[in-house]
Amino acid sequence: MSQKSQKPMFNSALFRAMGNSAGKLSAFVVICIILLLGVRALTGPKIDAAERQNLLDRFNEVLPAEYYDNDPLADTKLLKDPKILARLGAKEPVTVYRARKGIEPTGAIFQAIAPNGYSGNIYILIGIFPDGQVSGVRVLKHAETPGLGDKIELQKHDWILSFDRRILTPGNQYDWAVKKDGGDFDQFTGATITPRAVVGAVKHALEVVNELGDKLYD
């Protein structure tokens, strides 16, 4: 038999082998996708519930759950005004989570950023009652110096509690500074920049809340 008559048979076998391999590979990919979707369907709701509870736990640190009976994760307002975002240290719209008891507003929770920390941005969670009083402040994330600037964390120092129940008015605006700058807030030995940045960020957040007033709950 000549070589010309053998070549088509070889090609046909090769194509069949390639087709079988492609079919097996496709089947394998489909099975993997089905398995992944199945795992997601089984674990997704639990992951979402855990993330939701984690967020609520953080909220309750600055505004205790006893102050509201609504779902603040579903009762939100998006702040988009560039001037307001600049005062909050944000480049993207900020979500305000609103707390209510019955139909009455009982507080607002949102994040602000102090861009002038010693080591960059300090991310802060702030809770504020409708009358403008601070219900609580917590630092979410920072890169301040361990042993010095990290005293802004409640786990390291109770300094952050000094914001509780404070209010910003035209008559006390100069009190919103560290003592080294003539204000009411303690600074840390060897780390004035960090508390100064946090005090400034909270003050700016209160300015926004005072400016928005009832519009925050519309």
Please list all pairs passing the salt bridge (charged side-chain N to carboxylate O under 4.0 Å, His left out) test where one or both residues lie in residues 184-207, with sequence neighbours left out.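 Salt bridge (charged side-chain N to carboxylate O under 4.0 Å, His left out) check on residues 184-207 returns R87-E207, R166-D184, K179-D186, D181-R196.
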
Taking side-chain contact (heavy atoms from CB on, under 4.5 Å) as the definition, give me every residue that meets it alongside D71, ordered by chain and number, with sequence neighbours left out. R52, L73, A74

Going from [atom1] on [X] to [atom2] on [Y], what distance comes out if it is rounded to the nearest 0.5 angstrom?
X    : Y   : atom1 : atom2 : answer
K77  : R98 : NZ    : CZ    : 6.0 Å
I31  : L36 : CD1   : CG    : 12.0 Å
K101 : Y68 : NZ    : OH    : 11.0 Å

Sequence neighbours left out, what passes ring-ring contact (aromatic ring centres under 6.0 Å, His included) with W176? Give chain and number order.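 So W176 forms a ring-ring contact (aromatic ring centres under 6.0 Å, His included) with F185.
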
Side-chain donor-acceptor distances from residues 109-124 under 3.5 Å, at least two apart:
| unit_1 | atom_1 | unit_2 | atom_2 | d |
| --- | --- | --- | --- | --- |
| S119 | OG | A143 | O | 3.1 |
| N121 | ND2 | Y123 | OH | 3.4 |

Crowding at CG, D158 (>12 non-hydrogen neighbours, <6.0 Å):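 Result for CG/D158: enclosed.
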
Does E92, at its CD atom, have more than 12 non-hydrogen atoms belonging to other residues, nucleotides or ligands within less than 6.0 Å?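 No - once you tally the heavy atoms of other residues, nucleotides and ligands closer than 6.0 Å, there are 12 at most.
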
For [X] and [Y], indicate whether the former's side chain and the latter's backbone hold a donor-acceptor pair under 3.5 Å.
X    : Y    : value
N210 : L168 : yes
E61  : R138 : no
T76  : T95  : no

Applying a strict under-4.5 Å side-chain criterion to I, L, V, M, F, W and Y, I'd like to know whether I126 and W159 cluster together.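 Shared cluster, yes.
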
Could you go through the side-chain contact (heavy atoms from CB on, under 4.5 Å) check for H157 and I152 one step at a time? CA-CA 7 Å; H157 198 282; I152 54 177; over 6 Å; no

Provide the full list of ring pair (Phe, Tyr, Trp, His ring centres under 6.0 Å) pairs with a residue in residues 40-63, sequence neighbours left out, each pair given once.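 Ring pair (Phe, Tyr, Trp, His ring centres under 6.0 Å) check on residues 40-63 returns F59-Y97.
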
Could you note down all residue pairs passing ring pair (Phe, Tyr, Trp, His ring centres under 6.0 Å) where residues 189-218 supplies at least one of them, sequence neighbours left out? none

Remaining members of the apolar cluster that contains I34, side-chain heavy atoms under 4.5 Å: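 Direct or chained contacts put I34 with V30.
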
Co-members of the apolar cluster containing I103 [side chain, <4.5 Å]: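 Its cluster mates, by chain and number: none.
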
With side chains defined as the heavy atoms from C-beta onward, is the minimum distance between I84 and L212 less than 4.5 Å?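 A side-chain contact exists here, since the closest heavy-atom pair is under 4.5 Å.
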
Taking side chain as C-beta onward, heavy atoms only, is P72 less than 4.5 Å from L56?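 Side-chain contact under 4.5 Å: yes.
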
Aromatic rings Y67 and F129: how do their planes relate, parallel, tilted or perpendicular, breaks at 30° and 60°? tilted

Restricting to pairs with a member in residues 142-151, which pass side chain to side chain donor-acceptor pair (under 3.5 Å), not counting sequence neighbours? H142-E153, E144-T194, D150-K156

So, using salt bridge (Lys or Arg N to Asp or Glu O under 4.0 Å) as the criterion, who are the partners of [X] when residues are at least two apart?
X    : value
D69  : none
R165 : none
D81  : none

Taking all non-hydrogen atoms of both residues, which atom of V137 and which atom of V134 are closest, and how far apart? CG2-CG1, 3.7 Å

For the residue pair V208 and L88, what are the closest heavy atoms and their distance?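 The pair with the smallest heavy-atom distance is CG2-CD2, 4.2 Å.
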
Begin from the C-alpha positions of R100 and D75 and carry the test side-chain contact (heavy atoms from CB on, under 4.5 Å) through to its verdict. CA-CA 9 Å; R100 305 176 196 267; D75 188 347; 2.4 Å; yes

